Amino acid sequence: MPSIDLNSDLGEGFGPYRIADDEAILDIVSSANIACGAHAGDPVVMDATVRGALKRGVRVGAHIGYTDREGFGRRAMSLSLKELEYLTITQLGALAAVAAHAGTHLSHANFHGALGNLSFVDRDVARTLINAVKAFDPKLKFVGLPHTEATKAAEDLGVAVVRSFLADRAYTAQGILVSRNQPGSVIKDHQAVAERVTRMLRDGVVDAIDGTVIPMPAESILIHSDTAGAVELATTIKDSVVAAGYTVRPYAD
């Protein structure tokens, strides 16, 4: 039976604040992208999320973003390539230390919000970020969108890629995410999300926002944890995966 990974961005609370029901989502997914204390997260939240994943056999990865709690890492920042390199290294180091303390290790990394969006289209930024991941640990996989500069950089630099499909986000005809500032960028209808998952698994394609049919190869499906009804949507996506004849399993080593 074929399988696919389900990943989710987790650990995005800090102090007494909780963004999502991480425990419930960890019961559904097979890999977790954990905030590293920059756009969200703190050491205690990071530890709790890592340990929750470890208890369930969920793979742990670093979700790296701009240092921007107020904007949840979704605001553009003007940083040099050197600053981006060390932003990546220090966040990986923080989460790796927490994971080691819990008796596990990082398996992958990806990029959050505005930083991720920039890596989709800027070749120099993409190569800087991926080079930093590789320098930190060449065994780490990159969980990223196909058709982006970041994924191209990972392939060029010999970093293993787990291609991820965002079931609840609209794509441009070029395969890039539609800006959250645009109408229709987030797909909120659960039935529509289920149909997109089924089509991607069956045909390997998705309809872009302008109706263009684009290829969408994927080994993982992302579930956003910070949207309203996230747990219900995660359940819908998992049910769609099972109905299509797939099992949910962590991405291959």
Side-chain angles (χ1 to χ4, degrees), residues 4-74 87-116 129 132-133 136-137 139-144 162 164 166-168 220-235 237-238 248-251 253:
I4 194 161
D5 176 62
L6 297 183
N7 76 90
S8 187
D9 305 336
L10 299 172
E12 292 183 320
F14 53 92
Y17 302 103
R18 293 295 177 265
I19 301 299
D21 189 345
D22 286 4
E23 292 289 314
I25 292 175
L26 281 169
D27 286 333
I28 295 169
V29 300
S30 47
S31 64
N33 319 311
I34 300 177
C36 304
H39 74 276
D42 64 32
V44 172
V45 170
M46 290 158 65
D47 178 70
T49 312
V50 167
R51 290 180 187 275
L54 181 60
K55 181 171 69 175
R56 295 166 173 82
V58 172
R59 296 227 176 125
V60 170
H63 196 43
I64 299 160
Y66 287 132
T67 306
D68 174 31
R69 286 191 189 277
E70 294 83 359
F72 198 59
R74 288 184 173 148
L87 175 149
T88 300
I89 293 291
T90 55
Q91 290 184 52
L92 285 167
L95 188 63
V98 170
H101 185 59
T104 189
H105 63 276
L106 303 186
S107 296
H108 67 271
N110 64 2
F111 300 99
H112 168 79
L115 180 61
L129 297 177
V133 170
F136 183 84
D137 182 352
K139 297 187 297 297
L140 289 178
K141 291 180 169 58
F142 172 60
V143 176
V162 178
S164 186
L166 277 63
D168 64 344
S220 188
I221 300 171
L222 173 67
I223 294 167
H224 282 108
S225 67
D226 63 319
T227 53
V231 175
E232 292 79 8
L233 182 59
T235 301
I237 290 173
K238 184 172 184 177
V248 174
R249 188 176 300 159
Y251 52 78
D253 287 324

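Position 1 is the first residue of the sequence, and the numbers go up from there. Values below: all heavy atoms of this structure, side chains included; hydrogens, waters and symmetry mates excluded. The model shown is predicted, which means the values in this text are computed figures rather than measured ones.
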Whether Arg56 and Asp27 form a salt bridge (side-chain N of Lys/Arg under 4.0 Å from carboxylate O of Asp/Glu) is what I want to check. yes
Check side chain to side chain donor-acceptor pair (under 3.5 Å) between Ser225 and all other residues, then give those that pass, not counting sequence neighbours. none
Residues pairing under salt bridge (charged side-chain N to carboxylate O under 4.0 Å, His left out) where one sits in residues 31-49, two or more places apart or in two chains, turn out to be Asp47-Arg51
Got Val133 and Phe111 here, is their nearest side-chain heavy-atom distance under 4.5 Å? yes
Are the side chains of Glu12 and Leu10 in contact, using a 4.5 Å heavy-atom criterion? no
Compute whether any side-chain donor of one residue and acceptor of the other, for Asn7 and Ser164, lie under 3.5 angstrom apart. yes
Is a side-chain donor-acceptor pair under 3.5 Å present for Asn33 with His108? yes
Quick one: are Ser30 and Tyr251 in side-chain contact, heavy atoms under 4.5 Å? no
Can you name the one residue among Leu166, Leu233, Asp9, Val29 that meets side-chain contact (heavy atoms from CB on, under 4.5 Å) with Ile223? Val29
Residues in side-chain contact (heavy atoms from CB on, under 4.5 Å) contact with Ala167, at least two apart in sequence or another chain: Phe165, Val193, Val197, Ile221, Ile237
Could I get the full list of ring-ring contact (aromatic ring centres under 6.0 Å, His included) partners for Phe136, not counting sequence neighbours? none
Mind checking whether Leu115 and Leu129 have side chains closer than 4.5 Å, heavy atoms only? yes
Under a 4.5 Å cut-off applied to non-hydrogen side-chain atoms, are Leu95 and Val50 in contact? yes
Atom pairs and distances, donor-acceptor, side-chain atoms in residues 15-22, under 3.5 Å, two or more places apart:
residue : atom : partner : partner atom : Å
Arg18   : NH1  : Gly15   : O            : 2.9
Asp21   : OD1  : Ala24   : N            : 3.2
Asp22   : OD2  : Gly11   : N            : 2.8

Residue list, ring-ring contact (aromatic ring centres under 6.0 Å, His included) with His112, at least two apart or on another chain: His39, His63, Phe72
